[in-house]
Amino acid sequence: MKVFFDTNVYVAEALLGGAAEQMVTATLDARWRIYSSGYVLDETERVLSEKLDFSRRFGRMTRRRAGRRATLVAPRASRHHVPRDPADSPVLGAAVAAGVDLLVTNDTHLLALNPYESLGIISMAEYFNLLVDEGHIVS
């Protein structure tokens, strides 16, 4: 299985731990591949340090941690765009370019596109339940 985590997964993991941290750990333990992009990593750092007012150091550390566990995709100009929120288009384009099975996000604009071509777009809760159903998380 190939999975692309959106920014909100990494922010939730950094701030809350809990289910988000379990999801990332279970994905790695299952030997499923995690993909990301520079855009998502930059956005993760920016959200933590600028929008949520955590230190720049914390933002950089979270970015590095997420980047170490993922295969980075650098999509070119893409025909894939999110009509209701163009700022989400780089996330969609990177997930498609990576050829992942699932894009995991809590972004309503992205979730509204599910399914998108061969890409499943699911919420963090749905992904958590998938990991439970597959036996990768014991609840």
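Only this structure's heavy atoms are used, side chains among them; waters, hydrogens and symmetry mates stay out.
Note: Asp101 CG to Ile122 CD1 = 10.5 Å, rounded to the nearest 0.5 Å. Separating the CD1 atom in Ile121 from the CG atom in Asp107 is a distance of 9.5 Å, to the nearest 0.5 Å. Leu111 contributes atom CG, which lies 6.5 Å from atom CG of Asn106 (distance to the nearest 0.5 angstrom). Atoms OH and CZ, from Tyr10 and Arg63 in turn, are 11.5 Å apart once rounded to the nearest 0.5 Å. Trp32 CH2 to Leu102 CG: the interatomic distance, rounded to the nearest 0.5 Å, is 8.0 Å. Annotation: the span from Leu130 atom CG to Ile137 atom CD1 amounts to 9.5 Å, rounded to 0.5 Å.
Nearest heavy-atom pair across Ser37 and Leu72 is N-CD2, 4.1 Å. In plain terms, the two heavy atoms of Met124 and Met23 that are nearest each other are O-SD, 3.3 Å. Glu21 and Arg65 make their closest contact through OE2-NH2, 4.2 Å (heavy atoms, listed as atom of the first residue, atom of the second, distance). When all heavy atoms of Ile34 and Arg69 are compared, the closest pair comes out as CB-O, 3.7 Å.
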List the steps, then state whether side-chain contact (heavy atoms from CB on, under 4.5 Å) holds for Leu103 with Tyr35.
-> CA-CA 9 Å; Leu103 167 57; Tyr35 289 82; over 6 Å; no
Decide yes or no on side-chain contact (heavy atoms from CB on, under 4.5 Å) for Glu45 and Glu50, but give the supporting numbers first.
-> CA-CA 8 Å; Glu45 182 177 348; Glu50 294 175 14; over 6 Å; no
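Both Phe5 and Phe128 belong to a single network of hydrophobic side chains, linked directly or stepwise wherever heavy atoms of I, L, V, M, F, W or Y lie under 4.5 Å apart. Under the 4.5 Å side-chain heavy-atom criterion for Ile, Leu, Val, Met, Phe, Trp and Tyr, Met1 and Val9 are members of the same hydrophobic cluster. In the hydrophobic clustering of ILVMFWY residues, with side-chain heavy atoms under 4.5 Å counting as a link, Val91 and Val3 come out together. Using a 4.5 Å cut-off between side-chain heavy atoms of Ile, Leu, Val, Met, Phe, Trp and Tyr, with links allowed through other members, Leu110 and Tyr39 fall into the same hydrophobic cluster. Hydrophobic clustering (side-chain heavy atoms under 4.5 Å, transitive across Ile, Leu, Val, Met, Phe, Trp, Tyr) groups Leu48 together with Leu16.
Between the side chain of Ser89 and the backbone N or O of Val82, at least one donor-acceptor pair lies under 3.5 Å. A donor-acceptor pair is defined here as one N or O able to donate and one able to accept, closer than 3.5 Å; such a pair exists between the side chain of Lys2 and the backbone of Gly99.
Within the 4.5 Å cutoff, the side chain of Val100 has no heavy atoms near those of the Val73 side chain. Using a 4.5 Å heavy-atom threshold, the side chains of Leu119 and Phe4 count as separate.
For Gln22, there are no side-chain hydrogen bond (donor to acceptor under 3.5 Å, both in side chains) partners at least two apart in sequence or on another chain.
Residue pairs meeting the side-chain hydrogen bond (donor to acceptor under 3.5 Å, both in side chains) criterion with at least one partner in residues 124-134, sequence neighbours excluded, are Thr27-Tyr127, Ser123-Glu126.
By the 6.0 Å contact criterion, CZ on Arg33 is open, its count of non-hydrogen atoms from other residues, nucleotides or ligands being 12 or less.
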